[in-house]
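Order of the sequence lines fixes the chain letters, A, B, ..., with proteins taken first and strands second; residue numbering starts at 1 for each chain. Computed from a predicted structure; not experimentally measured.
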There are 2 protein chains.
Amino acid sequence: MQTFTEENYLKTIYKLSAEDASVTTNQLAATLQTKAASVTDMLKKLAEKKLIDYVPYYGVTLTEIGKKIAVDVVRKHRLWEYFLVEKLKFKWDEVHEMAEELEHISSVVLVDRLDQFMGYPAYDPHGDPIPDKHGRIKQQEFKPISQLNVAEGGVISGVREHSPAFLQYLEKLNLMLGNQVKVIEILAYDQSVVLTVNQSENRISISKEAAKNILVSA
Amino acid sequence: MQTFTEENYLKTIYKLSAEDASVTTNQLAATLQTKAASVTDMLKKLAEKKLIDYVPYYGVTLTEIGKKIAVDVVRKHRLWEYFLVEKLKFKWDEVHEMAEELEHISSVVLVDRLDQFMGYPAYDPHGDPIPDKHGRIKQQEFKPISQLNVAEGGVISGVREHSPAFLQYLEKLNLMLGNQVKVIEILAYDQSVVLTVNQSENRISISKEAAKNILVSA
DNA sequence: ACAATTATTTAGACTAATCTAAATTTTTAT
DNA sequence: ATAAAAATTTAGATTAGTCTAAATAATTGT
């Protein structure tokens, strides 16, 4: 059994591993809002428990056991988010903090029963895939709007940024999951993207940054 | 904001206060499965925070603020138990441990939304009243089977003991909430009670101890 | 009433997680 | 190649919650 804190470290290492194979102390400190010295201490402890492979000054990767625990926390987080939005009718920008607590509830049978109750959803309210009880994850083939060319489009299927501010911004522009977008123009000087939503007449313009953080499927 | 541990102390003081006005160090140590010395330390801390009134060597009572927090934890515990049984279809003897964790999820709006989702239930799966969002509790007028005379009866409405073993025992005897019982005989030598359930022919016999722990309403 | 027992508190220590400041290692730039 | 900068680790301290052992207070039994 791991503590709340250990689970948060494992989850964060897991998420950062998607970007770089090996995760560094400073990356973890920044993400976990703590100090590098604290991270070093925890990494030693997790390595001691064989949950990570840790090479001082180089970086850290998850062991199979560590990865299992991390995926499990992610599964719980996303299932609870789905519950909060679909059953309790919270908005997609309201659920992250609550799920950060709920993801540490330990009972395995509880989360499996919750999964069943909701009909085994495959994606959470932000389009992230929900691992099944064996840790298997449906591989997404989404790409950011920033990679579309003019006249190309797709269905909004996920986001890469989960801050309430960003999610509220998307809601205001009607850039919600399931909506169809089409690129009308990419402005040369700042790569900002002009697009339409659901065949509407309205053209909306989003920054290159925003375009990178909205994922579409073909 | 209180820690998990502080909340458990407050909740336990609250529950023990129902039996004795003032709660002692050893009572708390026994209930919380810890040592008297640890309890003393925590009581000093809670008194410092004005959540309890603590008189060394005498005992402890909750302040208004402390009581508010305790009732809130109890509310969350009972609502989550109701959720686990009514929505996720757990049995009444399976939910206590899970609710012990869920009761510490901090979001107030989450628990209120959960309450709404379930239609504002008044009692949890063990017949205990669920405080409303203002902390108001429906006063029960239940009495234990041990206080019934021969030929008297009532509807099973609650239990005073929540261990899985006791709950499973009740289930096996069909002594479930809502069922009608009637006292046929009280054996003189050990006060054990013979009764019928739902007008059935079957007579079942329960110990005086068990009879004390099953609550009926008229 | 007072000795013995029981309950409670105090003293001092431990673990987990964190911090600051200093030391060390690695990387980068010339 | 090596000095400066950046990243990381080590050392030592802090807080929350817990413990054991010792000291003190309250209660009980004769």
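Sorted by first then second residue, the side-chain hydrogen bond (donor to acceptor under 3.5 Å, both in side chains) pairs that include residues 102-116 of chain A, not counting sequence neighbours, are Glu7(A)-His104(A), Asn8(A)-His104(A), Lys11(A)-Glu103(A), Arg75(A)-Asp112(A), Arg75(A)-Asp115(A), His77(A)-Glu103(A), Ser106(A)-Glu101(B). Pairs passing the side-chain hydrogen bond (donor to acceptor under 3.5 Å, both in side chains) check and including a residue from residues 204-213 of chain A, sequence neighbours excluded, do not occur. Listed by first then second residue, pairs satisfying side-chain hydrogen bond (donor to acceptor under 3.5 Å, both in side chains) with a partner in residues 13-24 of chain A read Asp20(A)-Gln27(A), Thr24(A)-Gln27(A), not counting sequence neighbours.
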Could you list the donor-acceptor pairs under 3.5 angstrom formed between side-chain atoms of residues 188-195 of chain B and any protein atom two or more places apart in sequence or on another chain?
| unit_1 | atom_1 | unit_2 | atom_2 | d |
| --- | --- | --- | --- | --- |
| Asp190(B) | OD1 | Ser192(B) | N | 3.0 |
| Asp190(B) | OD1 | Ser192(B) | OG | 3.0 |

In residues 133-140 of chain A, what donor-acceptor pairs under 3.5 Å come from side-chain atoms, sequence neighbours left out?
| unit_1 | atom_1 | unit_2 | atom_2 | d |
| --- | --- | --- | --- | --- |
| Arg136(A) | NE | Asp132(A) | OD2 | 3.3 |
| Gln140(A) | NE2 | Gly127(A) | O | 2.8 |

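For Tyr9(B), the ring-ring contact (aromatic ring centres under 6.0 Å, His included) criterion is met by no residue, not counting sequence neighbours. For Lys68(A), the salt bridge (charged side-chain N to carboxylate O under 4.0 Å, His left out) criterion is met by Asp72(A), not counting sequence neighbours. Listed by chain and number, the residues in a ring-ring contact (aromatic ring centres under 6.0 Å, His included) with Tyr82(B) amount to none (sequence neighbours excluded). Contacts of Lys49(B) classified as salt bridge (charged side-chain N to carboxylate O under 4.0 Å, His left out), with partners at least two apart in sequence or in another chain: Glu6(B).
Here the P atom of nucleotide dT18(D) and the CZ atom of Phe4(B) are 10 Å apart, to the nearest Å. Here dA7(D) presents its P atom at 16 Å from CG of Leu43(A), a figure rounded to the nearest Å.
Thr5(B) comes within 4.0 angstrom of sugar-phosphate atoms only, judged by non-hydrogen atoms across all strands, and of no base. Within 4.0 Å of Tyr9(A), counting heavy atoms only, lie sugar-phosphate atoms of the nucleic acid but no base atom.
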Protein-nucleic acid N or O pairs under 3.5 Å, nucleotides 12-16 of chain C:
| unit_1 | atom_1 | unit_2 | atom_2 | d |
| --- | --- | --- | --- | --- |
| dA16(C) | O3' | Lys45(A) | NZ | 3.4 |

Any protein N or O atoms within reach of nucleotides 20-28 of chain D? Criterion: under 3.5 Å, listing atom names and distances.
none

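At a non-hydrogen distance threshold of 4.0 Å, nothing from residues 21-32 of chain B comes into contact with DNA chain D.
Judged by the 6.0 Å distance and 45° axis criteria, Lys87(A) is positioned over the aromatic ring of Phe117(A).
Note on Tyr54(A): every side-chain N or O is 4.0 Å or more away from OP1 and OP2 of dT8(D).
Between Phe83(B) and Phe83(A), the gap from one ring centroid to the other is short of 6.0 Å.
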